[in-house]
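Working notes for the structure below.
Every chain is numbered from 1 and lettered A, B, ... according to where its sequence line falls, protein lines coming before strand lines. Heavy atoms only: backbone and side chains are in, while hydrogens, waters and symmetry mates are out.
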Amino acid sequence: MIGLIDSNNFYVSCERVFNPRLENRPVVVLSNNDGNVVARSNEAKALGIKMGIPFHQIKTIVKLEEVAVYSSNYALYGDMSRRVTSTVRDMIPDVEVYSIDEQFLDFNSFGKYDLKKLGEQINRTVKQYTGIPTSLGIAKTKTLSKIANHLAKKSMTHKGLYVLENEQLIKEYLSLIPVSDLWGIGGRYTLKLAKHNIHTALDLYNTPEQWVKQHMTIVGLRLWYELHGMPCLQLEETQKPKKNICTSRSFSSKQTELSVIKEALATHATTCAQKLRKQGCVTNFINVFVQTNRYSDDPKYSNSFTCTLPESSNDSRVLIHYALKALERIFRAGYKYQKCGVMVSGLTPENQRQTSLFANEKADESLTKGDTLMGVMDTLNEKYGRDTIKIGTAAKSKQTKSWEMNQSYLSPKYTTNWEDLLRAK
DNA sequence: TCTGGGGTCCTAGGACCC
DNA sequence: TCTGGGGTCCTAGGACCC
């Protein structure tokens, strides 16, 4: 049996752990730049605040109902997520971390245990150790455990735990679930399936295998098998190295000057290089993109350019150099830019770096020196805090405030930043 | 005034190889 | 009337997830 444990209203729950006055109150957490609502407490849901709605559209109700509002605090949520995972892993060793608030659990070596009792114990322990409330669904496949989890959360009688086993019950529930709620069915498939009169999860369950394969590829077929209780998706307990890494942000206000965008892009390139080094990888392609606001009536422009590095690298200085070169090629004056970013691909492990055919000893030496320098920078930034030391091009200037992310409602980084903790006190 | 930031997998078709 | 039989790699586009 497979379990899916999921933290309820996760970002809101993290804020509540450190601010219990938020209990029983409507609370929302916003996306980066305080753009949209990405998490809601049950009380906020009851007020009709929809997932993903732009913040400016709910300002009236926020004031009227005294909704507590928070900017995303990923330092806090990431750390709380690690605590939840390690608590779960102490009880069930085989865990796949699926997202910041979800883990799949493998119960197959717990055959003789009462899964209901065990499940209750898991929820209770996580709450006790971390303060985060969770829901747990258990079934034969990942897809069915997603459904069981949904049932655990939605029904008051299940109290955050549901073991979905009985074939007849499975079919009954499937008949109540819109096909669009299934894991793996998005907007496009929902429309396509509706045209063929497939509306509920049970409709899809009853659709012939051949039709599914033909119209929904192997991906849909796996989903179909999983619904029938035949596992096709394995637990992935080790994290696979990423194939692409992207760092991008919207500006807090629209930007027109190349110099400002250069500063922002250099900062993103630095972050991207840090992420590469953390994964122990080097890149040989760097893609840079800029775009204007797609919702506004102002002239629109978006473009990207990919540079091929002469030699694979994860050196911040190298990435900044090529990112700015790419930017020069796509920047057009006269537009109000909203966002820029850097994406690296073609990643290879650091220790399998392909050097240039024409590299000489001097080049080797400079490569080693670069690695040492980056190592020192990473160590200092880890020990004394982010941005303790950085490359000059990405340094903060008078212009920085005009592009840096807007976070007007940020809570302290209670668990990862000592100064923040003191401030909170 | 104001609309996020990351990722993955699959398929078809084109280009090329022997 | 008739034109081989295998392959690989790359890219764009489509679909999805949180």
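Checking C:dC18, B:dT3, B:dG4 against every side-chain atom of A:Pro54, the shortest atom distance belongs to B:dT3. Distance from the side chain of A:Cys246 is smallest to B:dG7 among B:dG5, B:dG7, C:dC18. Checked against B:dT3, B:dG6, B:dT8, the side chain of A:Asn293 finds its nearest nucleotide in B:dT3. Ranking B:dG5, C:dC16, B:dT3 by closeness to the A:Arg188 side chain, first place goes to C:dC16. Of all nucleotides listed (B:dG4, B:dG7, B:dC2), B:dG7 comes nearest to the side chain of A:Ile245. Nearest to the side-chain atoms of A:Tyr98 among the listed nucleotides B:dG4, B:dT3, C:dC17 stands C:dC17. The side chain of A:His56 approaches B:dT3 more closely than any other nucleotide in the set B:dG5, B:dG4, B:dT3. Closest approach to the A:Trp183 side chain among B:dC9, C:dC18, B:dG4 is made by C:dC18 (side chain taken as heavy atoms from C-beta onward). Listed nucleotides: C:dC18, B:dG6, B:dT8. Nearest to the side chain of A:Asp101: C:dC18. Nearest to the side-chain atoms of A:Thr217 among the listed nucleotides B:dC9, B:dC10, B:dG4 stands B:dC10.
Ring-centre distance between A:Tyr70 and A:Tyr77: not below the 6.0 Å cut-off.
Among the heavy atoms of the strands, none lies under 4.0 Å from A:Ile100. Within 4.0 Å (heavy atoms only), A:Leu191 reaches no atom of the nucleic acid at all. Using a 4.0 Å heavy-atom distance criterion, A:Thr247 is classed as a sugar-phosphate-only contact. In this structure, A:Gly187 reaches the sugar-phosphate backbone alone: every heavy-atom distance under 4.0 Å involves primed, P, OP1 or OP2 atoms, never a base. Within 4.0 Å (heavy atoms only), A:Glu102 reaches sugar-phosphate atoms of the nucleic acid but no base atom.
Mapping A:Arg222 and A:Lys275 onto DNA chain B by nearest heavy atom places A:Lys275 at the nucleotide closer to the 5' end. Toward the 5' end of DNA chain B, the nearer of the two residues A:Lys243 and A:Asn33, judged by each one's closest nucleotide, is A:Asn33.
Applying the salt bridge (charged side-chain N to carboxylate O under 4.0 Å, His left out) test to residues at least two apart or on different chains, the pairs with a partner in residues 325-334 of chain A are A:Lys262-A:Glu328.
The side chain of A:Ser250 places an N or O atom within less than 4.0 Å of a non-bridging phosphate oxygen (OP1 or OP2) of B:dG5. For B:dG4, the OP1/OP2 oxygens have a side-chain nitrogen or oxygen of A:Gln338 closer than 4.0 Å. At least one side-chain nitrogen or oxygen of A:Lys339 sits closer than 4.0 Å to the OP1 or OP2 atom of B:dG5. A:Ser248 has a side-chain polar atom (N or O) that falls below the 4.0 Å cut-off from OP1 or OP2 of B:dG6. Within the 4.0 Å cut-off from OP1 or OP2 of B:dG4, at least one side-chain nitrogen or oxygen of A:Arg294 is found. Residue A:Lys254 places at least one side-chain N or O under 4.0 Å from the OP1 or OP2 atom of B:dT3. Within the structure, a side-chain polar atom (N or O) of A:Lys146 is placed less than 4.0 Å from OP1 or OP2 of C:dC18.
Using a 3.5 Å distance cut-off with no hydrogens or angles, the side chains of A:Asp79 and A:Thr415 do pair a donor with an acceptor. Checking A:Asp34 against A:Ser71 by side-chain atom types alone, a donor-acceptor pair falls below 3.5 Å. Remark: the A:Gln399 side chain and the A:Ser402 side chain contain no N/O donor-acceptor pair separated by less than 3.5 Å.
Within 6.0 Å of atom NZ in A:Lys45, more than 12 heavy atoms from other residues, nucleotides or ligands are found, so the atom counts as buried in its surroundings.
The OH atom of A:Tyr74 sits 13 Å away from the P atom of B:dG7 (whole-angstrom rounding). Across the protein-nucleic acid pair, A:Asn244 atom CG and B:dT8 atom C1' stand 9 Å apart, rounded to whole Å. Note: CE (A:Met343) to C1' (B:dT8) measures 12 Å, nearest angstrom. Across the protein-nucleic acid pair, A:Asn36 atom CG and B:dT1 atom C1' stand 15 Å apart, rounded to whole Å. Rounding to whole angstrom units, CE of residue A:Met405 and P of B:dG4 are separated by 13 Å. Distance A:Gln239 CD to C:dC17 P: 20 Å, rounded to the nearest Å.
Nucleotides C:dG4 and B:dC17 have their C1' atoms positioned 15 Å apart, rounded to a whole Å.
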message = Quick one, A:Met216 with A:Leu193, criterion side-chain contact (heavy atoms from CB on, under 4.5 Å). Give me CA distance, side-chain angles, the key distance, then yes/no.
response = CA-CA 10 Å; A:Met216 302 174 73; A:Leu193 291 171; 4.0 Å; yes

query = Can you list the steps and then say if A:Arg16 with A:Glu43 is a salt bridge (Lys or Arg N to Asp or Glu O under 4.0 Å)?
reply = CA-CA 13 Å; A:Arg16 277 179 170 167; A:Glu43 296 79 5; 3.0 Å; yes

key: Under the 3.5 Å Watson-Crick or G-U criterion, the dot-bracket string of DNA chain B, with | for inter-strand pairs   = ....||||||||||||||

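In this structure a side-chain-to-backbone donor-acceptor pair under 3.5 Å is present from A:His228 to A:Tyr205.
Side-chain contact between A:Lys242 and A:Lys275 is absent, with no heavy-atom pair separated by less than 4.5 Å.
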